[in-house]
Amino acid sequence: MAYDADVIVIGAGLAGLAATAELVDAGRRVILVDQEPEHAIGGQAHWSFGGLFFVDSPEQRRMRIKDSHALALQDWMGTAAFDRPEDHWPRKWAEAYVDFAAGEKRSWLHGQGVRFFPVVGWAERGGYDAQGHGNSVPRFHITWGTGPGLLAPFVRRVRAGAARGLVQLRFRHRVTGLTRSAGSVDTVSGEVLEPSAVERGEASSRVVTGGFEFRAQAVIVTSGGIGGNHDLVRANWPERLGTPPRKMISGVPAHVDGRMLGIAEEAGAHLINRDRMWHYTEGIQNWNPIWDRHGIRILPGPSSLWLDARGDRLPVPLFPGFDTLGTLEHIMRTGHDYTWFVLNQRIIGKEFTLSGSEQNPDLTGKSVRGVIDRARSEVPGPVKAFMDHGVDFVVEKDLGALVRGMNALTDKPLIDEDTLRRTIAARDREIANPFTKDLQVTAIRGARKFLGDRLIRAAAPHRILDPKAGPLVAVRLNILTRKTLGGLETDLSSRVLTEGGEPLPGVYAAGEAAGFGGGGVHGYRSLEGTFLGGCLFSGRTAGRAAARAVK
């Protein structure tokens, strides 16, 4: 029986590139298909901040962070909260991934030329007990070069495979079906889309110019999740997170539509944990958008006062950067789908980082001078651009004008100036002493005990209403779609399983399409820095397993 290749990989994002690179190393012939143009190779990872989860890394040790495999596994399991029969494989993937993050992950990437920013970040701090959600220590390692820097060695390896005749790159090929012959899924069919010269991330044409059919001994699905498809997000929205938001903005381009998950399911794959998802609560509308409803996430330090739509502070421990989904659940039970940060220029200059490669030109461009200039600036350039042009930002010298600006951005004027003034003044009084009953102030002081936060992420405690720290800033925060935590169920060899638990012959899956491993390696929540790493680990695993399986 004639085959066009040994393996077909569906999706040219990070997971697909990692799988293809491993297949090339094993001397296997690969067809890599993707519906987007070739210049969009790398998918969502290109737009990422490049954050990676490492355990007991040299960067951590240099910053006197004491981490261990046992502590990381405790944090992962407390965060994932696995509680379903179908969590059997996700739990095993979680154990394997923590082993990888505490073992060869960093040296494997370092050997391919990937380098890391020396200051380790502390995302998802939790705020509950030792066995609950969150990172006990800083583990968020930023890739030097952000997402493009992480992609580079895998793009290079795949293109080298193409030069050797081992890889066929088939862009503008949209898969519509997986079919079997002789018992195995060995045929991938679909539509050829017309050429498109749009910029990366922009919506490309869906005009069909023809069809295709490729055959191979194995198929690896690495097509991503559902974050660009708001209808599908709402359809899968879990009751535990309240009412789905009426308004959402998109952290991913529109082509992240979940189509391939349904196609794989029709072919016999078992899709699990579809109600588990990861959306951010600190989204702002991009003033210079690339795709429809383009949103950017604020990576906040701990000092901004977080208020609901009516101006009430969010409850403990829902401080900036502590518990993403806990905050989302609270917001969606308020009857509104937006919140506010209230702060001042001193805080925004020190504590706001914007997620994404394009929002961090210094790190993406590997500019040491740019990083130094950012640290010295009153407000970093990308953040200042949002202050000047962002529709979600209000910047005023006095609180009355700030409140009027906030109310002008909403359907109803829900913020009362006198109430907000009392709230801020009460918080500001707690700053006068090194001890306090305000747990957010305690959290700020705790953050500044970590050198990394003191240097670049946490402003020294001060009064928000201090005129010397002004002007005042309010930021309307939107729900930002991002990651699919559930996916195609896979065993530890990345083989896709059927509903009965048996491998679907010939089919593997990796990356977000597989819930980053097993159909949901994160369980209900993520520790951050684990999405790109999950693509790498599951993609590598799938590529190696498929290489061993084909003849």
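With salt bridges taken as basic N to acidic carboxylate O contacts below 4.0 Å, none links E22 and R540. Note on D83 versus R276: salt bridge recorded, some NZ/NE/NH1/NH2 to OD/OE distance being below 4.0 Å. Salt-bridge annotation for E38 and R159: present, with a side-chain N of the basic residue lying under 4.0 Å from a carboxylate O of the acidic one. Ion pairing between a basic and an acidic side chain is recognised when a charged N comes within 4.0 Å of a carboxylate O; D87 and R91 show no such pairing. Salt bridge present: E59 and R106 bring a charged side-chain N and a carboxylate O closer than 4.0 Å.
No side-chain donor from either of T490 and S494 sits under 3.5 Å from a side-chain acceptor of the other. For the 3.5 Å distance criterion, the side chains of Y128 and D323 qualify, holding a donor opposite an acceptor. No side-chain donor from either of R156 and Q112 sits under 3.5 Å from a side-chain acceptor of the other. For the 3.5 Å distance criterion, the side chains of T146 and S357 fail to qualify, holding no donor opposite an acceptor. Using modelled atom types and a 3.5 Å distance limit, the side chains of Q74 and Q131 yield no donor-acceptor pair. Side-chain atoms of D308 and Y338 form no donor-acceptor pair, as typed in the model, at a separation below 3.5 Å. Side-chain contact annotation: S526 with E124, donor-acceptor N/O pair under 3.5 Å absent. A donor atom on one side chain and an acceptor atom on the other are not found under 3.5 Å apart for N135 and R125.
Closest of all the heavy-atom pairs between T281 and T339 is O-OG1, 4.2 Å. Considering every non-hydrogen atom in both A443 and F322, the closest pair reads CB-CZ, 3.7 Å. Considering all non-hydrogen atoms of both residues, W237 and P245 come closest at CH2-CD, 3.5 Å. Closest heavy-atom contact between F393 and I348: CE2-CD1, 4.0 Å. Taking each heavy atom of A459 and I444 in turn, the nearest pair found is O-CG2, 4.0 Å. Here the shortest heavy-atom pairing between D438 and Q440 reads OD1-N, 3.0 Å.
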Given salt bridge (Lys or Arg N to Asp or Glu O under 4.0 Å), test E282 with R297 step by step and report yes or no.
CA-CA 6 Å; E282 313 98 330; R297 186 206 176 188; 3.1 Å; yes
Using the side-chain contact (heavy atoms from CB on, under 4.5 Å) rule, take M277 and K483 through it: C-alpha gap first, then chi angles, then the decisive distance, then the call.
CA-CA 6 Å; M277 51 187 69; K483 297 298 181 187; over 6 Å; no
Decide yes or no on side-chain contact (heavy atoms from CB on, under 4.5 Å) for V119 and R457, but give the supporting numbers first.
CA-CA 10 Å; V119 179; R457 294 293 292 137; 6.0 Å; no
Check the pair I226, L261 against side-chain contact (heavy atoms from CB on, under 4.5 Å), reporting the backbone distance first and the verdict last.
CA-CA 9 Å; I226 68 173; L261 294 175; 4.0 Å; yes
Run the numbers on V114 and T143 for side-chain contact (heavy atoms from CB on, under 4.5 Å), then give the verdict.
CA-CA 7 Å; V114 181; T143 302; 3.8 Å; yes
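In this structure, I142 and L52 have side chains that are not in contact, with every pair of non-hydrogen atoms separated by 4.5 Å or more. Side-chain contact between V158 and L32 is present, with heavy atoms from C-beta onward closer than 4.5 Å. W89 is listed as a side-chain neighbour of E489, based on a closest heavy-atom distance under 4.5 Å. Residues R61 and K66 have side chains not in contact (no heavy-atom distance under 4.5 Å, counting atoms from C-beta outward). By the 4.5 Å heavy-atom criterion applied to side chains, Y524 and L325 are not counted as neighbours. The closest side-chain heavy-atom distance from N478 to D392 is below 4.5 Å. E239 places none of its side-chain heavy atoms less than 4.5 Å from the side chain of L241. Under the 4.5 Å side-chain criterion, counting only non-hydrogen atoms from C-beta, W291 is not in contact with N286.
Applying the salt bridge (charged side-chain N to carboxylate O under 4.0 Å, His left out) criterion to R240, with sequence neighbours excluded, gives D275. Applying the side chain to side chain donor-acceptor pair (under 3.5 Å) test to D67 and every residue at least two apart in sequence or in another chain returns Q60, R139. Applying the side chain to side chain donor-acceptor pair (under 3.5 Å) criterion to R234, with sequence neighbours excluded, gives no partner residue. The side chain to side chain contact (heavy atoms under 4.5 Å, CB included) search around R259 returns R174, T176, D257, not counting sequence neighbours. Residues passing the ring pair (Phe, Tyr, Trp, His ring centres under 6.0 Å) test with F54 are F116, H141, sequence neighbours excluded. With sequence neighbours excluded, the residues that form a side chain to side chain contact (heavy atoms under 4.5 Å, CB included) with R293 are H230, S250. With sequence neighbours excluded, the residues that form a side chain to side chain donor-acceptor pair (under 3.5 Å) with N360 are R374. Take S538 and apply the side chain to side chain contact (heavy atoms under 4.5 Å, CB included) test, not counting sequence neighbours, and it matches W93, A510. In terms of the side chain to side chain donor-acceptor pair (under 3.5 Å) criterion, residue partners of H69 (sequence neighbours excluded) are, by chain and number, D99. Applying the salt bridge (charged side-chain N to carboxylate O under 4.0 Å, His left out) rule to E199 yields no partners; only residues at least two apart in sequence or on another chain are considered. Residues meeting the ring pair (Phe, Tyr, Trp, His ring centres under 6.0 Å) test with F82, sequence neighbours left out: none. In this structure, the side chain to side chain contact (heavy atoms under 4.5 Å, CB included) partners of A45, at least two apart in sequence or on a different chain, are L14, L151, L532.
Separation of atoms CG (L527) and OG1 (T79) is listed at 4.0 Å; rounding is to 0.5 Å. Between the OG atom in S304 and the CH2 atom in W340 there is a gap of 13.5 Å [rounded to 0.5 Å]. For the atom pair OG1 (T481) and NE2 (H279), the distance works out to 6.5 Å, reported to the nearest 0.5 Å. Atom-to-atom distance recorded for I65:CD1 and S136:OG is 12.0 Å, nearest 0.5 angstrom. Considering CE of M260 and CD of E512, their distance stands at 14.5 Å, rounded to 0.5 Å. To the nearest 0.5 Å, the span separating CZ on R482 from CG on L480 amounts to 5.0 Å.
Aromatic pair F53/F140: ring centres not closer than 6.0 Å. Under the 6.0 Å cut-off for aromatic ring centres, Y97 and W76 qualify, their centroids lying closer than that. Taking the ring centroids of W306 and F341, they lie under the 6.0 Å cut-off.
For E351 (side chain) and S303 (main-chain N/O), a donor-acceptor pair under 3.5 Å exists by modelled atom type.
Aromatic ring pairs are classed by plane angle as parallel below 30°, tilted from 30° to 60° and perpendicular above 60°; the pair F537 and F100 is parallel.
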